[in-house]
Amino acid sequence: MLGKLTWSAIPFDEPIPLIAAALVGVAIIGVLAWVVLTGRLPYLWREWITSVDHKRIGIMYTLLAMVMLLRGFSDAIMMRSQQALAFRSDGYLPPEHYNQIFSAHGTLMIFFVAMPFVIGLMNFVVPLQLGVRDVAFPTLNSVGFWLTATGALLVNISLVVGEFARTGWLPFPPLSEVTYSPGVGVDYYLWALEISGVGTLLSGVNLVTTVLKLHAPGMTYMRMPMFCWTTLASNLLIVAAFPILTATLAMLLLDRYLGFHFFTNEAGGNMMMFMNLILAWGHPEVYILILPAFGIFSEVTSTFSGKPLFGYRSMVMATMAICLLSFMVWLHHFFTMGAGADVNAIFGIASMIIAVPTGVKIFNWLFTMYGGRIVYSAPILWSIGFMVTFMIGGVTGVLLAVPPADFVLHNSLFLVAHFHNVIIGGVLFGAFAGYSYWFPKAFGFRLHEGLGKAAFWCWLIGFYVAFTPLYVLGLMGMTRRMQHYDVPAWRPWLLIAAGGAAIILAGIILQIVQLVVSIRRREALRDQTGDPWDGRSLEWATPSPPPSFNFAVLPRIEGQEAYWGIKQRARQQAKLSEEPGYTEIEMPRNSPTGFICAFFATFMGFALIWHIWWLVALAALGAYATFVVFAWRDRHEDIIPADVIARIDRANRSARGEALARMQVTP
């Protein structure tokens, strides 16, 4: 009846996961009780859970990423503290639990922190910057988000029901085959990523179509903000690379479930084929994550320097060059595995060449800042911290691209330090820059500036204290994923690294406090005009938060920095443009399709993991029925009356007019 699921699946003999699960369960029950008892459930269902508004979906992606960041960072704290304590001792984490922790940490941080964070920011901002009302496929957007949330939920269920993979964040065979991983840990990994990968692919198709096909009148490709270009490049990579991941994991599932031999060491299988396929996805994945961050830094640097982005066309070319070259470097991940000197040399050179367009971007950001009136707000601090940190990560990456050096450093903590240098210093710093930059646009009030700067310094200092020792340890020969060790020379560096993790923890706590304080003081931090940073792109032309329809009348674009030109004309003429004529607007109707599909996908994934075949069939039928119902819907859009649109736009125009008048009075 319940397949392989028995009471033994719950780890009663391991207090740490049980206590953690109990705390999370209490928190979830508390939040649900508060929502129901305060009567907020209908609002939550109507305005958020069933919403197809790109802004709401973008916010939910970002919220998912931040919650998963807390979970993933708790794993990091446990790993660092275990290694600090485990000198000639077992520490406090059993080896099998420690292996699950480092696997879950990498999986969560890449797939359920970094990916949702950048996809959330792209979802929220890109339609606003393009001057349009929504993404190309609004309901598909909702389905993509909820499938991603399903994957995150399955990974977290493994904490208390069964186990998670012990293979690392990439499940390399033969370790991930049934012979060496007979439990359900690898199955949790595979089904969580298959389901969430479909969601990511839907998001990629959606955003590529949006950027290529939906523009305000006059918005040509070479007038798009740089964030739109990096969104296009990133999502082209998603569309090209994620099917490789899905197919590769499907082949591993066939090995595990039906006795196929794609990646076994016998019966014609080839484990190196898995390496080729997973890294043909894996290296483009790095650029899927970093390219949106590059776009965020471009927007932030230009805004807070008070200047147009330097070298716009070269930035576009560099972005698309990275998009192309990212598919030509994957083999540097296995220089040590016997491909031969010629192959290693070709991919080593390709890995160095891809640093060139990245260098072009760094110089363009520096030239944008040069001669500008830089306002040192939190978003640009994250950007400057990124430039320094990412350059260090890039230099170490070029070092690892030299095959002889890689032979020495492969699989060492040097590699771990390099990877975190790029992902934290690049992707996460970029996500935090975008979060603090666009937060007032999303919620109508700014974040507390002092606490934001304090959080930045804790993150920056903590990062260097936590990961610089790993470079040293890698050069000293310490390999990754060690549960304990007996080399005295390593211990001081591991203690320093643990101290760095504690400083990062202080930064995370400050970010939580910043959010709480900002909400409490939201009236004092209110964004009255919709343009708190004196921005240059179209999202700042809307009220904060923007209405569901984004723009009362679609703007007509006449230059590269559309909104900046509109503002300059208004300042020269000392008045706003003439009030437009308002007409009713059709907007897509909210739909529960995404949530219901995710509901069935959760049960289907859980049932597939535990071989509960009747539940698999029932969940599949429910998901199919959901799509049939959606396909036969008879009401497609909601109509927003012209008087409602006029009221919202006039209120914003009034606030902007008052701000313009104050500007004229102030010398």
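A quick note: this is a predicted structure, and the numbers were derived from the prediction, not measured.
For the 3.5 Å distance criterion, the side chains of Arg480 and Asn411 qualify, holding a donor opposite an acceptor. Counted by atom type alone, Gln568 and Tyr563 present zero donor-acceptor pairs between their side chains at under 3.5 Å. Residues Lys307 and Thr301 bring no donor and acceptor atom of their side chains to less than 3.5 Å of each other. For the residue pair Asn364 and Ser314, a side-chain donor N or O sits within less than 3.5 Å of a side-chain acceptor on the partner. Side-chain atoms of Lys55 and Asn123 include no donor-acceptor pair closer than 3.5 Å.
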> Between Tyr61 and Phe117, is a ring pair (Phe, Tyr, Trp, His ring centres under 6.0 Å) present by the stated rule, with each step listed?
Replying inline: CA-CA 6 Å; Tyr61 264 118; Phe117 219 141; over 10 Å; no
>> Applying ring pair (Phe, Tyr, Trp, His ring centres under 6.0 Å) to Trp169 and Tyr189, what does each step give before you reach the verdict?
In response: CA-CA 9 Å; Trp169 78 279; Tyr189 176 98; 8.4 Å; no
> Checking side-chain contact (heavy atoms from CB on, under 4.5 Å) for the pair Leu475/Leu409: CA distance, chi angles, key distance, verdict?
Replying inline: CA-CA 7 Å; Leu475 292 168; Leu409 298 170; 3.6 Å; yes
> Going through the checks in order, is the ring pair (Phe, Tyr, Trp, His ring centres under 6.0 Å) test met by Trp281 and Phe327?
Replying inline: CA-CA 8 Å; Trp281 159 82; Phe327 269 104; over 10 Å; no
>> Show, in sequence, the C-alpha distance, side-chain angles and deciding distance for Ile238 and Asn235, and conclude whether the side-chain contact (heavy atoms from CB on, under 4.5 Å) test is met.
In response: CA-CA 5 Å; Ile238 287 176; Asn235 286 279; 3.5 Å; yes
> Between Phe297 and Met387, does a side-chain contact (heavy atoms from CB on, under 4.5 Å) hold up when you go through it step by step?
Replying inline: CA-CA 9 Å; Phe297 295 129; Met387 289 182 209; 5.8 Å; no
> Can Phe456 and Leu451 be said to form a side-chain contact (heavy atoms from CB on, under 4.5 Å), step by step?
Replying inline: CA-CA 9 Å; Phe456 161 75; Leu451 288 169; over 6 Å; no
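The salt bridge (Lys or Arg N to Asp or Glu O under 4.0 Å) test applied to Asp75 returns Arg71, not counting sequence neighbours.
Note: Phe414 and Tyr471 have perpendicular aromatic rings, judged against thresholds of 30 and 60 degrees for the angle between ring planes. Ring geometry for Phe463 against Phe429 counts as perpendicular: the plane angle is over 60°, on a 0 to 90° scale with 30° as the lower cut. Between Phe467 and His420, the ring-plane angle classifies as parallel under the 30° and 60° cut-offs. Below 30°, between 30° and 60°, or above 60°: for Phe445 and Phe443 the angle between ring planes is between 30° and 60°, a tilted geometry. Using the six-membered ring where Trp is involved, Phe439 and Tyr435 have ring planes that are perpendicular, over 60° apart on the 30 and 60° scheme.
Across every non-hydrogen atom of Trp365 and Phe294, the tightest pair is CZ2-O, 3.3 Å. Summarising the geometry of Ala233 relative to Cys323, their closest heavy-atom pair is O-SG, 3.7 Å, with the distance given to 0.1 Å. Contact detail for Thr230 and Pro292: the closest heavy-atom pair is OG1-CA, 4.0 Å. Minimum heavy-atom separation, Pro545 to Ala442: CB-O, 3.1 Å.
Taken from OG in Ser518 to CD in Glu449, the straight-line distance is 9.5 Å, to the nearest 0.5 Å. Note: Glu299 CD to Trp540 CH2 = 10.0 Å, rounded to the nearest 0.5 Å. Interatomic distance, CZ of Phe112 versus CG of Leu153, reported as 10.0 Å (0.5 Å rounding). Remark: Trp48 CH2 to Leu63 CG distance equals 8.5 Å, nearest 0.5 Å. Atom CZ of Arg520 is separated from atom CG of Leu525 by 13.0 Å, given to the nearest 0.5 angstrom. Here the CG atom belonging to Leu399 is positioned 9.0 Å from the CG atom belonging to Asp406, to the nearest 0.5 angstrom.
Ion pair Asp527/Lys441 not flagged as a salt bridge, since none of the NZ, NE, NH1 or NH2 atoms sits closer than 4.0 Å to an Asp/Glu carboxylate oxygen. With respect to Arg536 and Glu561, a salt bridge is recorded, a charged nitrogen being found less than 4.0 Å from a carboxylate O.
Trp533 has its side chain within reach of Arg446: a pair of non-hydrogen atoms, C-beta onward, lies under 4.5 Å apart. Between Met369 and Ile384 there is a side-chain heavy-atom pair separated by less than 4.5 Å. Considering only heavy atoms from C-beta on, Val125 comes within 4.5 Å of Trp438 through its side chain. The shortest distance between side-chain heavy atoms of His418 and Leu470 does not fall below 4.5 Å. You'll find the side chain of Phe87 stays beyond 4.5 Å of the side chain of Leu494, heavy atoms only. Two residues are said to be in side-chain contact when any heavy atoms from C-beta on lie closer than 4.5 Å; Leu237 and Glu285 fail this criterion. Residues Ser298 and Phe227 fail the side-chain proximity criterion, which asks for heavy atoms closer than 4.5 Å. Taking the side chain as every heavy atom from C-beta outward, Lys567 and Asp534 approach each other to under 4.5 Å.
Under the 3.5 Å distance criterion, the side-chain polar atoms of Ser234 are matched with a main-chain donor or acceptor of Ile288. Between the side chain of Tyr485 and the main chain of Gln83, a donor-acceptor pair closer than 3.5 Å is present. With Ser383 contributing its side chain and Pro379 its backbone, the two residues share a donor-acceptor pair below 3.5 Å. A donor-acceptor contact shorter than 3.5 Å is absent between the side chain of Thr468 and the backbone of Val465. The main-chain N or O of Met78 is found under 3.5 Å from a side-chain atom of Ser81 such that the two form a donor-acceptor pair. A distance-only check finds no donor-acceptor pair linking the side chain of Ser203 to the backbone of Gly199 [under 3.5 Å]. With hydrogens and angles disregarded, no donor-acceptor distance shorter than 3.5 Å links the side chain of Glu539 to the backbone of Leu128. A donor-acceptor pair is defined here as one N or O able to donate and one able to accept, closer than 3.5 Å; such a pair exists between the side chain of Gln82 and the backbone of Gln483. Of the possible donor and acceptor atoms, none in the side chain of Ser196 sits under 3.5 Å from a partner among the backbone N and O of Gly151. In this structure, Trp229 contributes its side chain and Tyr221 its backbone to a donor-acceptor pair below 3.5 Å.
The 12-atom threshold is not exceeded at OH of Tyr370, counting heavy atoms of other residues, nucleotides or ligands nearer than 6.0 Å. In this structure, Arg481 places its CZ atom where more than 12 heavy-atom neighbours from other residues, nucleotides or ligands lie under 6.0 Å away. A 6.0 Å sphere centred on CH2 of Trp490 holds more than 12 heavy atoms belonging to other residues, nucleotides or ligands.
Checked options Leu121, Ile296, Thr303, Leu447; the residue passing with Tyr437 is Thr303 (criterion: side chain to side chain contact (heavy atoms under 4.5 Å, CB included)).
Legend: side-chain hydrogen bond (donor to acceptor under 3.5 Å, both in side chains) pairs involving residues 104-120, not counting sequence neighbours: none detected.
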Return a table of donor-acceptor pairs under 3.5 angstrom between the side chains of residues 510-517 and protein atoms on other chains or two or more places apart.
from   : atom 1 : to     : atom 2 : distance (Å)
Gln511 : OE1    : Trp459 : NE1    : 3.0
Gln514 : NE2    : His448 : O      : 3.0

